[in-house]
Amino acid sequence: MRPADFRSDTVTRPSPAMRLAMAEAEVGDDVLDGDPTVRKLERRVAAALGKEEALFVPSGTMANQVALGAWTQPGDEIVAERSAHVLCWEAGAAGALHGLQSVTLHAESGALDPDEVRAVVRLRSIHCPRTALVCVEQTFMGSGAAAGGRVVPLDNLRAVHAVAQELEIPVHMDGARLFNAVAATRIEPERWAACADSVSLSLSKCLGAPVGALIAGDAAFAERARLVRKRLGGWMRQAGVLAAAGLYALDHNLERLKLDHDLARALAAAIHGLPGISCPPEEIETNIVMARIVHPTHEAFSLSAALADEGVLALPMSPTSLRFVTHLDVGPEDVERARSALGAILSAGG
């Protein structure tokens with residue numbers, strides 16, 4: 001029996017129909033002449049986000065790092081929430097690749113305080129680093145008790161962007177799961193994207209494609225971003241076979257995202273209140289359940305290992321947080337497996 005894999009929405013497998021679309025994709029050398037399917041995907045995403053151009057890259061991490069490289073120079077400083085993906089889950093790339101330092105703010109649900117953003121912007125002095133970029137994340141994963149797929153309110157993102165515009169600082173949105181926010185709120189993607197000067201979007205997380213992400217912005221940003229993408233090795237050749245999966249996902253997997261959200265709430269309801277588990281279902285906004293572990297003999301890492309022995313996979317995010325992500329490859333039967341396994345493990349206390 002296959003495991004009930006709740007580690008991430010990146011574990012999904014392409015469906016037979018998606019594989020067929022990939023096999024039938026029209027391709028070309030995207031570096032030399034342009035791949036027609038890649039171009040179609042880039043135009044589609046740029047239009048959806050209300051941006052002038054979008055660039056296809058292999059991963060969400062690369063999309064974010066292309067943005068950082070395009071907006072900054074070595075020695076600059078970026079502002080972000082302290083548990084933001086771009087800081088915590090990209091192997092220190094901001095410093096290693098671009099020579100950047102970071103100012104981190106605390107916002108447990110991902111909504112930066114515009115006044116705090118204003119307060120940490122550096123003086124324009126030869127003695128200070130330049131505040132070059134503000135980074136926001138939608139949806140916000142974070143790592144704290146109140147984090148996990150949170151939708152950062154539109155009014156907050158607009159307010160942060162307004163402060164940044166006033167101070168002539170661009171805003172980058174890590175929109176890896178932006179379409180989860182769209183599904184949760186029915187607010188169109190271009191309205192979210194209007195709160196940032198560049199937006200990244202993952203195809204392999206919420207949308208179920210096997211690989212790929214995009215980075216979008218205006219034409220001047222895209223010109224700089226192409227150079228950074230080239231330097232990072234992210235400009236691919238006959239990439240239409242990958243872009244076709246993204247197009248298929250955009251055509252077929254957007255409307256079903258609400259099913260993932262409903263399943264996440266069902267999972268939270270099923271396990272909330274088990275011995276040592278807290279994850280009130282009313283806190284679940286999208287497809288991520290961050291279960292808080294307060295058990296006398298288990299913490300998140302040992303509980304994850306015990307669950308794996310029962311064929312249920314979940315990802316420890318800290319000693320007290322265990323993450324479950326719903327996606328198109330899990331269903332109600334997997335929720336029941338998780339509930340049953342957790343109940344047995346926690347009740348036994350070992």
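The chain is numbered in sequence order, starting from 1.
Between the side chain of His272 and the main chain of Ala268, no donor-acceptor pair closer than 3.5 Å is present. Here the side chain of Asn64 pairs no donor or acceptor atom with the backbone of Thr61 at under 3.5 angstrom. In this structure, Thr131 contributes its side chain and Arg122 its backbone to a donor-acceptor pair below 3.5 Å. At least one donor-acceptor pair under 3.5 Å links the side chain of Ser125 to the backbone N or O of His127. Not a single donor-acceptor pair under 3.5 Å links the side chain of Glu299 to the backbone N or O of Ile293. Side-chain N or O atoms of Gln238 include none that pairs as donor or acceptor with a backbone N or O of Val27 at under 3.5 Å. Judged by distance alone, with hydrogens and angles left aside, the side-chain atoms of Asp9 form no donor-acceptor pair with the main-chain N or O of His327 at under 3.5 Å. The main-chain N or O of Gly149 is found under 3.5 Å from a side-chain atom of Thr286 such that the two form a donor-acceptor pair. Checking side-chain atoms of Asp76 against main-chain N and O of Gln73 turns up a donor-acceptor pair under 3.5 Å. In this structure a side-chain-to-backbone donor-acceptor pair under 3.5 Å is present from Asp30 to Asp35.
When side chains are defined from C-beta on, Val160 counts as touching Asn156, because their heavy atoms get closer than 4.5 Å. No side-chain heavy atom of Phe221 sits less than 4.5 Å from a side-chain heavy atom of Asp197. Side chains of Val57 and Leu232 form no contact here, defined as non-hydrogen atoms less than 4.5 Å apart.
Under 4.0 Å is where a charged nitrogen must lie from a carboxylate oxygen, and between Arg150 and Glu108 no such pair does. By the 4.0 Å N-to-carboxylate-O rule, Asp329 lies too far from Arg2 to be salt-bridged with it. Asp29 has a carboxylate O that lies under 4.0 Å from a charged side-chain N of Arg237, or vice versa, which qualifies the two as a salt bridge. Salt-bridge annotation for Arg44 and Asp251: present, with a side-chain N of the basic residue lying under 4.0 Å from a carboxylate O of the acidic one. One finds no salt bridge joining Arg82 and Glu137 here, because no Lys/Arg side-chain nitrogen approaches an Asp/Glu carboxylate oxygen to under 4.0 Å.
For the atom pair CG (Leu68) and CG (Leu97), the distance works out to 9.0 Å, reported to the nearest 0.5 Å. One distance of note links CG of Asp262 with CD1 of Ile284; it measures 12.0 Å at 0.5 Å rounding. Rounded to the nearest 0.5 angstrom, Glu81 CD and Met141 CE are separated by 11.0 Å. Rounded to the nearest 0.5 angstrom, Thr326 OG1 and Leu259 CG are separated by 9.5 Å. With rounding to the nearest 0.5 Å, the separation of NZ in Lys51 from CG in Leu201 is 12.5 Å. With rounding to the nearest 0.5 Å, the separation of CG in Leu178 from CG in Leu49 is 6.5 Å.
In this structure, Arg231 places its CZ atom where only 12 or fewer heavy-atom neighbours from other residues, nucleotides or ligands lie under 6.0 Å away. When the shell of 6.0 Å around CZ of Arg130 is examined, it contains more than 12 heavy atoms from other residues, nucleotides or ligands. Residue Leu123 qualifies as open at atom CG: its count of foreign heavy atoms under 6.0 Å is 12 or below. The local environment of CD in Glu333 is crowded, with over 12 non-hydrogen atoms from other residues, nucleotides or ligands closer than 6.0 Å.
The shortest non-hydrogen separation linking Ala225 to Leu55 is CB-CD1, 3.6 Å. The shortest non-hydrogen separation linking Glu190 to Gly50 is CB-N, 4.0 Å. Pairing each heavy atom of Ser200 with each of Asp174, the nearest pair is OG-CA, 3.4 Å.
Counting only residues at least two apart or on different chains, the side-chain hydrogen bond (donor to acceptor under 3.5 Å, both in side chains) pairs with a member in residues 207-229 are Glu53-Arg226. Residue pairs satisfying the ring-ring contact (aromatic ring centres under 6.0 Å, His included) criterion with at least one member in residues 15-53, sequence neighbours excluded, are absent.
Side-chain contact of His261 with Asn180: a donor-acceptor pair under 3.5 Å is present, judged by distance alone.
Note on Met173 and Ile187: same hydrophobic cluster, where clusters join Ile, Leu, Val, Met, Phe, Trp and Tyr whose side-chain heavy atoms are under 4.5 Å apart, directly or indirectly.
Using cut-offs of 30° and 60° on the angle between ring planes, the pair His298 and His295 is tilted.
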